[in-house]
Amino acid sequence: MLRQISLLFLLLITSCDNGSGSLQGDGDRNQAINATAATSNKADRPSEQGAGLPGYSIFCSINDMRDTEVDVGCHLTDGADKRAATPENAWAFYEVQVAPEFSTVSVSKKLPENRRYWDILFTYSGAEDANTIRQAINNSTFVYEYVNEVSELDALVTTAFVEEIPLPTQDCSTGETLDGICYFKTSTSCAYTCGQVNSTPHINTLNVIGSMQPSNINTCGMLYRKINGDNTLQVETVDTGFGLGCYKWGSKIYWDQTPTNTTWFPPLGGDLLCACDTQTL
């Protein structure tokens, strides 16, 4: 489904003129390639399948959400889901396309003060509230071209489209209960989601599914499989530097061993597991 959505947005990008919601970097775009990874016939280009070199993906997430502006941070990850090192000017060739129904939303580019987390920041504005802007982000496509002395990536395309995920309920009808605590998935941060129901993240977000102990990876995978109704989902340990806890991106579950931080948002197009203080739901 993700690949189909990505290709649909890609057709829109290549067949339509740029509107107010489109942001392009300098230079011409080459031919579009894959939904999430670069592919090429040249053996010296990183690709999903070629030359023993890893493919690359765009990893983007909401970095800061203010009342009428939202910052989205992006960087590249390699085939092992590790952040790829790129020079400061690597994002000279890019495009951000916002779905037509959010034509009032504009996007501007800025460089982060430091590159600890992101190579580039995209600031969304032009709507009356942050939730509308977040919907615009969820229906955006990010296209990136990268060229250096070693390798060339013709185009990387990712879509931020995510399904609307309901808020947690007292009876945990939208999640899964374990030892009396309701775990649920969200496309925002645990702190933001729990705040929407006048609650705060439960300590078990760290202690049971988060980074507190290595065995939590098993609980993370078990809960996600039950909530998604898919026993085939695989879980992988990563070290993102963010502290995302237990999250899903693409077709895989990830368990982040970086100390869990409940204020971080999952990667665009993904979701993460949370638990709220049930006493205040």
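Counting heavy atoms from C-beta outward, His202 and Val208 have side chains that stay 4.5 Å or more apart. Using a 4.5 Å cut-off on side-chain heavy atoms (C-beta onward), Val197 and Pro168 make contact. Looking at Asn139 and Phe102, their side chains come closer than 4.5 Å, going by heavy atoms from C-beta outward. Within the 4.5 Å cutoff, side-chain heavy atoms of Met222 are placed close to those of Leu178. Within the 4.5 Å cutoff, side-chain heavy atoms of Ile217 are placed close to those of Val235. Put simply, the side chain of Leu244 does not reach to within 4.5 Å of the side chain of Tyr254, judged on heavy atoms. Val70 has its side chain within reach of Ile137: a pair of non-hydrogen atoms, C-beta onward, lies under 4.5 Å apart. Considering only heavy atoms from C-beta on, Lys109 stays 4.5 Å or farther from Leu121 through its side chain.
Of the charged side-chain nitrogens involved, at least one lies within less than 4.0 Å of a carboxylate oxygen, so that Asp119 and Arg83 count as a salt-bridged pair.
Between Ser61 and Pro266, the shortest heavy-atom contact is OG-O, 3.0 Å. Considering every non-hydrogen atom in both Ala127 and Ile133, the closest pair reads CB-CG1, 3.5 Å. Smallest separation of non-hydrogen atoms from Asn63 and Gly73: CB-N, 4.2 Å. Minimum heavy-atom separation, Pro259 to Ser211: CA-OG, 3.2 Å. Contact between Trp249 and Pro267 at its shortest, heavy atoms only, is CG-CG, 3.6 Å.
Asp129 places a side-chain N or O within 3.5 Å of a backbone atom of Thr132 that can act as its donor or acceptor partner. Side-chain N or O atoms of Thr68 include none that pairs as donor or acceptor with a backbone N or O of Glu128 at under 3.5 Å. With hydrogens and angles ignored, the 3.5 Å screen pairs no side-chain donor or acceptor of Lys248 with any backbone N or O of Asn228. Not a single donor-acceptor pair under 3.5 Å links the side chain of Thr237 to the backbone N or O of Trp255.
When ring centroids are compared, Tyr94 and Tyr144 stay outside the 6.0 Å threshold.
Looking at Thr263 and Ser189, their side chains never bring a donor and an acceptor atom within 3.5 Å of each other. Side-chain contact check for Thr86 and Arg115: at least one donor-acceptor pair (N or O, by modelled atom type) lies under 3.5 Å.
Among the candidates Thr174, Leu273, Leu223, the single residue satisfying the side-chain contact (heavy atoms from CB on, under 4.5 Å) test with Lys185 is Leu273.
When the side chains of ILVMFWY residues are joined at heavy-atom separations under 4.5 Å, either directly or via intervening members, Ile253 and Leu268 end up in two distinct hydrophobic clusters. Hydrophobic clustering (ILVMFWY, side-chain heavy atoms < 4.5 Å, transitive): Met212 and Tyr183 are in distinct clusters. Criterion: ILVMFWY side-chain heavy atoms under 4.5 Å apart, direct or through other members. Under it, Val238 and Leu76 are not part of a common hydrophobic cluster. Hydrophobic cluster membership differs between Ile181 and Leu206, with clusters built from Ile, Leu, Val, Met, Phe, Trp and Tyr side chains linked at under 4.5 angstrom.
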Start with the C-alpha distance between Ser106 and Ser125, add both sets of side-chain angles, then the distance that settles side chain to side chain donor-acceptor pair (under 3.5 Å), and finish with yes or no.
-> CA-CA 5 Å; Ser106 62; Ser125 59; 3.3 Å; yes

Give the C-alpha distance, both sets of side-chain angles, the deciding distance and a yes or no for side chain to side chain donor-acceptor pair (under 3.5 Å) between Thr219 and Asn216.
-> CA-CA 5 Å; Thr219 309; Asn216 288 353; 5.0 Å; no

Audit row: Asp71, Thr123, side chain to side chain donor-acceptor pair (under 3.5 Å) steps and yes/no = CA-CA 4 Å; Asp71 284 345; Thr123 300; 2.7 Å; yes

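For residues 70-146, the disulfide (SG to SG under 2.5 Å) pairs, not counting sequence neighbours, are Cys60-Cys74. Within the structure, the ring-ring contact (aromatic ring centres under 6.0 Å, His included) test picks out the following pairs touching residues 220-243 (sequence neighbours left out): Phe59-Phe242, Tyr117-Phe242, Trp118-Phe242, Phe242-Trp264. Among residue pairs with one or both ends in residues 214-243, those qualifying as disulfide (SG to SG under 2.5 Å) are Cys220-Cys246; sequence neighbours excluded.
Every residue two or more places apart in sequence or in another chain that forms a side chain to side chain contact (heavy atoms under 4.5 Å, CB included) with Thr186 is listed here: Phe184, Thr188, Thr193, Leu272, Cys274. Legend: residues meeting side chain to side chain contact (heavy atoms under 4.5 Å, CB included) with Thr258, ordered by chain and number and at least two apart, are Asp239, Thr240, Asp256. With sequence neighbours excluded, no residue satisfies ring pair (Phe, Tyr, Trp, His ring centres under 6.0 Å) with Tyr124.
Note: Asp78 CG to Ser57 OG = 9.0 Å, rounded to the nearest 0.5 Å. To the nearest 0.5 Å, the span separating CG on Asp277 from OG on Ser199 amounts to 5.0 Å. To the nearest 0.5 Å, the span separating NZ on Lys252 from OH on Tyr247 amounts to 10.0 Å. For the atom pair CD of Glu164 and CG of Asn138, the computed distance is 8.0 Å after rounding to the nearest 0.5 Å. Rounding to the nearest 0.5 angstrom, the gap separating the CZ atom in Arg225 from the CD1 atom in Ile227 is 12.0 Å.
Using the six-membered ring where Trp is involved, Phe122 and Phe142 have ring planes that are tilted, between 30° and 60° apart.
Residue Asp67 places its CG atom among 12 or fewer non-hydrogen atoms of other residues, nucleotides or ligands, all under 6.0 Å distant.
With Cys182, the cysteine Cys276 has an SG gap of 2.5 Å or longer.
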